[in-house]
Trainee: 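Pasting in a structure now, in structure tokens, and then I'll have a few things to ask.
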Number of protein chains: 2
Amino acid sequence: MSATHAQTRFNSTLTSQCQNCSLSALCLPIALADEDINKLDQIIERKKPLKKGDFLFRQGEKFDSVYAVRSGTLKTFNITSVGEEQITGFYCPSELVGLSGVDSDTYPVSAKALETTTVCEIPFTHLEELSTQIPSLRHQLFKVMSRKISDDQQMMVLLGKKNADEKVASFLLNLSNRFKKRGYSASAFRLSMSRGEIGNYLGLAVETVSRVITRFQKNELIHVDGKEIEIVNFPEMQKLVGIASDCGKIANIR
Amino acid sequence: MSATHAQTRFNSTLTSQCQNCSLSALCLPIALADEDINKLDQIIERKKPLKKGDFLFRQGEKFDSVYAVRSGTLKTFNITSVGEEQITGFYCPSELVGLSGVDSDTYPVSAKALETTTVCEIPFTHLEELSTQIPSLRHQLFKVMSRKISDDQQMMVLLGKKNADEKVASFLLNLSNRFKKRGYSASAFRLSMSRGEIGNYLGLAVETVSRVITRFQKNELIHVDGKEIEIVNFPEMQKLVGIASDCGKIANIR
DNA sequence: GTCATATCTTGACCTGTGTCAGAAAAAGCC
DNA sequence: GGCTTTTTCTGACACAGGTCAAGATATGAC
């Protein structure tokens, strides 16, 4: 009885966090009934903020949770045979980090904060259990994983077939879309990652990223001030990415 | 009652197909109790063979099933803005095709047979339902999707960071591993895809693939006879891929 | 079998991007 | 504030791999 009581208390202090969270429309609770959101709330732990450079988890550590980003940005990466870091993704608010750990029971990548970042920890076994009780949650989980698969495959197309200009343009439009989805400006935003990290992610040298960005600015496609980016000429940028079939997809990567 | 009867008949003709299937230890039924395998059997439809070049499904079509490959090979690809095909994966027996369709309700890629191929169709809504009743099946499904995510991310590393030699070596060792897993020779096998398709997948020109393969043969790393490949010098090939951290991963892509 | 078509190989050449080097700007730090 | 360290930018140059071309080999149709 005391356990139930404790749970109720826990629930009452943190209850409706998901409901009140400005990200709830984008995050896991999407399409959940209020009571179901409460159930989800009960298994979620809000962790204290990570400072820039802090690890959320490290490659090889035991997997037990996925994390929803509340604020800030994370990168995931692994270390190649020659000891260099290979970035496999950037994660913005409302996005889920750590899904690749489910299979092997250890995280196959490390996750590190690019700036001050807060996350919600979601113990995966609890989430799986809960997904038995709430079909729409289970469906949502499948969808999120499926989405990740098709996004990563778009990324493979980008890495395999695109030149430096197309890569950088895709990257910027992709970020733009993610900001837009969260209600921020689609045209002006701040890059939380360095040029080096962008290059690493896109399979380009830092120098190439820098040159492409400079050239985009010269051609008045974008306006740049350090990490602040403003996309000035959307049509032209979209044309660069390829306006047809795959463009919509690419632009929607998240 | 007649419906139940029909189901029983269906079950009795096809029953234990999964149990008898030589792939069951690799495919979805992994770790399922006999009775659960029977339940799974009932929702699975064995389709008639695809001939080389036949589509299993096309990009944009309504998603309703995932498919387990029983024999043969498939490729998935999408069409880029400039109308060229970009291959996103090859699928061997026991592997699951179509998972990327769950999110958007349409397949984001097309799937085409590279040779005569048979598949089991698994209607996804049924599979999802069944996964509610069988926790180990649900867990297995999450694992399969998670595995796909981490494999694709390894592929991103390969596309972004590796040179032509490393790409081709990774590709061959990857195939070798997949054959081995199914009980076939890890050292000698037949490529069901053309050099062009390999190049497309790896982000290389056909000519480059051809040159690399020829050079590998000259250096006695492999022996080649058209589509027949024999890996002669495993240690050297593994060294090419990068023996450290990520190598094990890469070699395990599937 | 013969012919037609697709795939594969090889050579010669070209180009986009990586590498190296150094200067300029920004970010941390005491 | 000034100092150090990191990040960004720019230029000069090199080379991996793309492109073009042409011949060789394999595959398929009839």
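Since this is a predicted model, take the numbers as computed values, not measurements. Chain identifiers are assigned alphabetically (A, B, ...) following the order of the sequence lines, protein sequences preceding nucleic acid strands; residue numbering begins at 1 within each chain.
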Trainee: In chain order, what residues pass the side chain to side chain contact (heavy atoms under 4.5 Å, CB included) check against B:A111, with sequence neighbours excluded?
Mentor: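 Here the qualifying residues are B:L56, B:F57, B:T76, B:V97.
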Trainee: For the side-chain contact (heavy atoms from CB on, under 4.5 Å) test, which of A:L175, A:T117, A:L74, A:L114 pairs with A:S192?
Mentor: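 With A:S192 as partner, A:L175, A:T117, A:L74, A:L114 yield a single side-chain contact (heavy atoms from CB on, under 4.5 Å), made by A:L114.
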Trainee: Would you list the protein and nucleotides 22-30 of chain C atom pairs, both N or O, that sit under 3.5 Å from each other?
Mentor:
none

Trainee: Answer yes when B:E85 and B:K112 have at least one side-chain N-carboxylate O distance shorter than 4.0 Å, and no when they do not.
Mentor: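 So B:E85 does not pair with B:K112 through a salt bridge.
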Trainee: Around atom NZ of B:K51, are there more than 12 heavy atoms of other residues, nucleotides or ligands at under 6.0 Å?
Mentor: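 12 or below, so no.
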Trainee: List, one per line, each side-chain donor-acceptor pair under 3.5 Å for residues 219-237 of chain B, sequence neighbours excluded.
Mentor:
residue : atom : partner : partner atom : Å
B:K227  : NZ   : B:M193  : O            : 3.4
B:N233  : OD1  : B:E236  : N            : 3.1

Trainee: Restricting to side chain to side chain contact (heavy atoms under 4.5 Å, CB included), what partner residues turn up for A:S100, sequence neighbours left out?
Mentor: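 In terms of side chain to side chain contact (heavy atoms under 4.5 Å, CB included), with neighbours along the sequence ignored, A:S100 is linked to A:P108, A:V109, B:I149, B:S150, B:Q153.
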Trainee: In chain order, what residues pass the ring pair (Phe, Tyr, Trp, His ring centres under 6.0 Å) check against B:F179, with sequence neighbours excluded?
Mentor: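 Here the qualifying residues are B:F189.
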Trainee: Note the angle between the end axes of the helix from C:dG1-D:dC30 to C:dC30-D:dG1, five pairs defining each, rounded to 10 degrees.
Mentor: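 About 60° separates the two local helix axes.
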Trainee: Once you apply a heavy-atom cut-off of 4.0 Å, does A:G196 come out as touching a base, just sugar-phosphate, or nothing?
Mentor: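 It contacts sugar-phosphate atoms only.
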Trainee: Can you name the residues that form a side chain to side chain contact (heavy atoms under 4.5 Å, CB included) with B:A68, not counting sequence neighbours?
Mentor: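 B:C27, B:L96, B:C120, B:I122.
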Trainee: So which protein nitrogen or oxygen atoms get under 3.5 Å of nucleotides 17-20 of chain C's nitrogens or oxygens?
Mentor:
residue : atom : partner : partner atom : Å
C:dT17  : OP1  : A:A164  : N            : 2.9
C:dG18  : OP1  : A:G203  : O            : 3.3
C:dG18  : OP1  : A:A205  : N            : 3.4
C:dG18  : OP2  : A:A205  : N            : 3.1
C:dG18  : OP2  : A:T208  : OG1          : 2.3
C:dT19  : O4   : A:R211  : NH2          : 2.9
C:dC20  : N4   : A:E207  : OE2          : 3.2

Trainee: What is the distance, to the nearest angstrom, from the CZ atom on B:R195 to the C1' atom on C:dT9?
Mentor: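 These atoms are roughly 9 Å apart.
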Trainee: For the side chain of B:K75 and the backbone of B:S110, is there at least one donor-acceptor N/O pair under 3.5 Å apart?
Mentor: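 Not at all, since once roles are kept as given, no pair shorter than 3.5 Å links the two residues.
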Trainee: Taking only residues at least two apart or on different chains, which pairs with a member in residues 202-218 of chain B satisfy side-chain hydrogen bond (donor to acceptor under 3.5 Å, both in side chains)?
Mentor: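 The answer is B:D165-B:R215.
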Trainee: At the 4.0 Å heavy-atom cut-off to chain A, mark where contacts on DNA chain D begin and end, going 5' to 3'.
Mentor: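 Contact span on the strand: D:dT8 to D:dA12.
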Trainee: With sequence neighbours excluded, what pairs up with B:R182 under the salt bridge (Lys or Arg N to Asp or Glu O under 4.0 Å) test?
Mentor: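 Not a single residue meets the salt bridge (Lys or Arg N to Asp or Glu O under 4.0 Å) criterion with B:R182.
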Trainee: Which residues pass the side chain to side chain contact (heavy atoms under 4.5 Å, CB included) test with A:V206, sequence neighbours left out?
Mentor: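 Partners of A:V206 by the side chain to side chain contact (heavy atoms under 4.5 Å, CB included) criterion, ordered by chain and then number, come out as A:R195.
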Trainee: Would you call B:E95-B:R178 a salt bridge at under 4.0 Å N-O?
Mentor: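 Counted as a salt bridge, because a side-chain N and a carboxylate O are separated by less than 4.0 Å.
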